[in-house]
Structure formats: C-alpha cells, structure tokens
Amino acid sequence: MVEAGTSSFYEVKLVGPPHWFEDGPLAKPFGLTYAPITYDPPVSGFEDFGLVQQEEADAPELARCWRQKEPAHKLINFKNIPTLQMSAEASLARRPPIATPPF
C-alpha cells in the first residue's frame, strides 16, 4: 500500500495544533477491513483484539499507538506474501500503525 489513506481500526480526525489528530469512530472492526477476515487465533469482532493504547507516544509529534494484547492475532492468509506499507513525511500514515496485526 502506498499512501493507504487511513489507519487500522479507527478513522483519524485531523484537529489542528497542538495535538493535530485524534482517533475518530471505529471504522474497521477487523483491523484492515470492515468485513471479517481470517486471523489465527480466530476473531469474531473488534473486542477479540484486546487493544491497548500506549501510555506515551514514541515522540512528541506522534500519536499513541494501539496494539493488540499478546498473543497477537495474525493474518495467516498473508503469511507467505511479502507486504509493505509506505508513507511520506507529511502523510497521515506518518502516524504509527494502530494495532496492525503481525504477518
């Protein structure tokens, strides 16, 4: 994905300085999509991911990440497919991934 245009799980609301953005509504209950996709261990919805938000961002200009509780659910159908998400300096995607499942 080059400039994927959105984050996992939540939409991003741009709110301007000093915080610049905040989490919007839940848009993708399966992380990458609205529709169910196959994870291991299986999930039946958003609640199964057990998301936890960082207490502090990695840097002042970054948002706090959302991460899955361990053991993280994996996208098993992507196991042998190389993937890359690329973004640029001024990109919305410069925000760290939010609970992007490990592949």
K.L.:
Are V52 and F9 co-members of a hydrophobic cluster defined by side-chain heavy atoms under 4.5 Å apart?
P.N.:
no

K.L.:
Which residues satisfy the side-chain hydrogen bond (donor to acceptor under 3.5 Å, both in side chains) test with D48, sequence neighbours excluded?
P.N.:
S44

K.L.:
Which atom names give the shortest non-hydrogen contact between F30 and Y39, and what distance separates them?
P.N.:
O-OH, 2.6 Å

K.L.:
Quick one: list whatever passes side-chain contact (heavy atoms from CB on, under 4.5 Å) with N77, sequence neighbours left out.
P.N.:
T38

K.L.:
Are V43 and I76 joined in one hydrophobic group, where the rule is that I, L, V, M, F, W and Y side chains link up if heavy atoms are under 4.5 Å apart?
P.N.:
no

K.L.:
With a 4.5 Å heavy-atom cut-off, do P29 and Y34 have their side chains touching?
P.N.:
yes

K.L.:
Show the nearest heavy-atom pair for residues P41 and A72, with the distance to one decimal.
P.N.:
CD-O, 4.1 Å

K.L.:
Do L51 and R67 have side chains that approach each other closer than 4.5 Å (heavy atoms only, starting at C-beta)?
P.N.:
no

